[in-house]
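Positions are given from 1 along the sequence. Just the heavy atoms: all of them, side chains too, but no hydrogens, waters or symmetry mates, feed the values below.
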Amino acid sequence: ALARWTTLLSDQGIPNPPPPPLQPVTATLRELPALAAPLRLPKVGGANGKQPTAEETRESLRRFIERAGGLLGIEPQHVSLVGVEERVGGVKLARYQQKPFLYPLRGGYGVLEVSFTADQRVTQFSSTAIPDTERLGRALATIRPVVAADKATAGLAGQTVNLTSAAGAEQTFTVPTSGELQAREVVVFARRRAADPSVIEFHLAWEVAVGSDDAAPRVYVDAVTGDLLGAAPAPLAQAMLAAIFA
């Protein structure tokens with residue numbers, strides 16, 4: 001990650017960059033520090049003073065992510081664009097989801113964000129991606145769900161579980177006693193081990209939705225043991241749609 005950081009900034013002529021703040025355990029970029037000059041997306045299209053098209057912008061972002069790959073902990077072929085959101089001041093936020101496993105990745109991991117302006121300046125970017133997914137994927141592929149969907153939701157109502165917000169803050173979430181609990185799909189739920197935060201655990205789990213609110217947190221039940229694992233914010237796609245149409 002540090003080697004890629006140095007190369008990325010050197011390629012853009014930015015001297016003496018400060019060390020980047022990195023995520024715990026995964027060592028992927030947590031945020032962009034203050035720099036002597038702005039990082040920029042590779043120029044694609046926009047000839048004769050015209051603004052790049054949406055397709056050209058996506059290609060520019062793809063090239064940027066590819067060049068920063070080691071810093072972000074991802075392989076470009078394992079990330080998908082979820083959407084681009086307009087922010088204040090003409091800034092746009094592109095969100096990507098890492099999809100390295102047979103099942104979707106959950107728990108706040110696998111999210112890549114790039115904020116940029118119309119003149120291609122990168123104002124912020126970060127990654128909670130999981131490195132070394134090829135090895136992890138082989139191990140996860142040997143595990144099969146044992147707990148049925150209806151068993152995963154039994155007894156959940158009223159239980160309080162730990163929830164890690166998108167900003168990394170630890171909270172608690174109480175499963176409502178009213179409203180339908182629906183085990184929607186089997187996922188890979190990642191969480192830092194309570195007894196040893198330097199370790200990330202990966203569980204095959206049922207993702208349980210509470211009611212019909214797509215922006216509500218999800219509850220995760222181990223699909224092998226039936227243990228209640230915790231809760232996490234709504235998956236990126238649903239949260240993004242909720243923000244766009246709010």
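- Listed by chain and number, the residues in a side chain to side chain donor-acceptor pair (under 3.5 Å) with Arg144 amount to none (sequence neighbours excluded).
- Under the rule for a side chain to side chain contact (heavy atoms under 4.5 Å, CB included), the partners of Ala129 that lie at least two apart in sequence or sit in another chain are Ile74, Gln98, Ser127.
- Contacts classified as ring pair (Phe, Tyr, Trp, His ring centres under 6.0 Å) and involving residues 126-148 (residues at least two apart or in different chains) are not found.
- Judged as a salt bridge (charged side-chain N to carboxylate O under 4.0 Å, His left out), and not counting sequence neighbours, Asp150 has no contacts.
- When the side chain to side chain donor-acceptor pair (under 3.5 Å) test is applied to Ser10, no partner is found at least two apart in sequence or on another chain.
- In this structure Glu86 satisfies the salt bridge (charged side-chain N to carboxylate O under 4.0 Å, His left out) test together with Lys92, sequence neighbours excluded.
- Alongside Val187, the hydrophobic cluster contains Phe189, Tyr220, Leu229 (criterion: ILVMFWY side chains under 4.5 Å).
- Residues that satisfy the side chain to side chain contact (heavy atoms under 4.5 Å, CB included) test with Arg40, not counting sequence neighbours, are Gln12, Pro38, Asp119, Arg121.
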Candidate pair Thr172 and Leu163, rule side chain to side chain contact (heavy atoms under 4.5 Å, CB included), full reasoning: CA-CA 5 Å; Thr172 57; Leu163 183 151; over 6 Å; no

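- Note on Leu8: it clusters hydrophobically with Ile14, by side-chain heavy-atom contacts below 4.5 Å among ILVMFWY residues.
- Applying the salt bridge (charged side-chain N to carboxylate O under 4.0 Å, His left out) criterion to Arg62, with sequence neighbours excluded, gives Glu59, Glu66.
- Thr57 pairs by the side chain to side chain contact (heavy atoms under 4.5 Å, CB included) definition with Pro52, Leu61, Phe116, not counting sequence neighbours.
- With sequence neighbours left out, Thr174 forms a side chain to side chain donor-acceptor pair (under 3.5 Å) with Thr160.
- For CD of Glu55, the number of neighbouring non-hydrogen atoms (other residues, nucleotides, ligands) closer than 6.0 Å is 12 at most.
- His203 is linked by a side chain to side chain donor-acceptor pair (under 3.5 Å) to Glu201, Asp222, counting only residues two or more places apart in sequence or in another chain.
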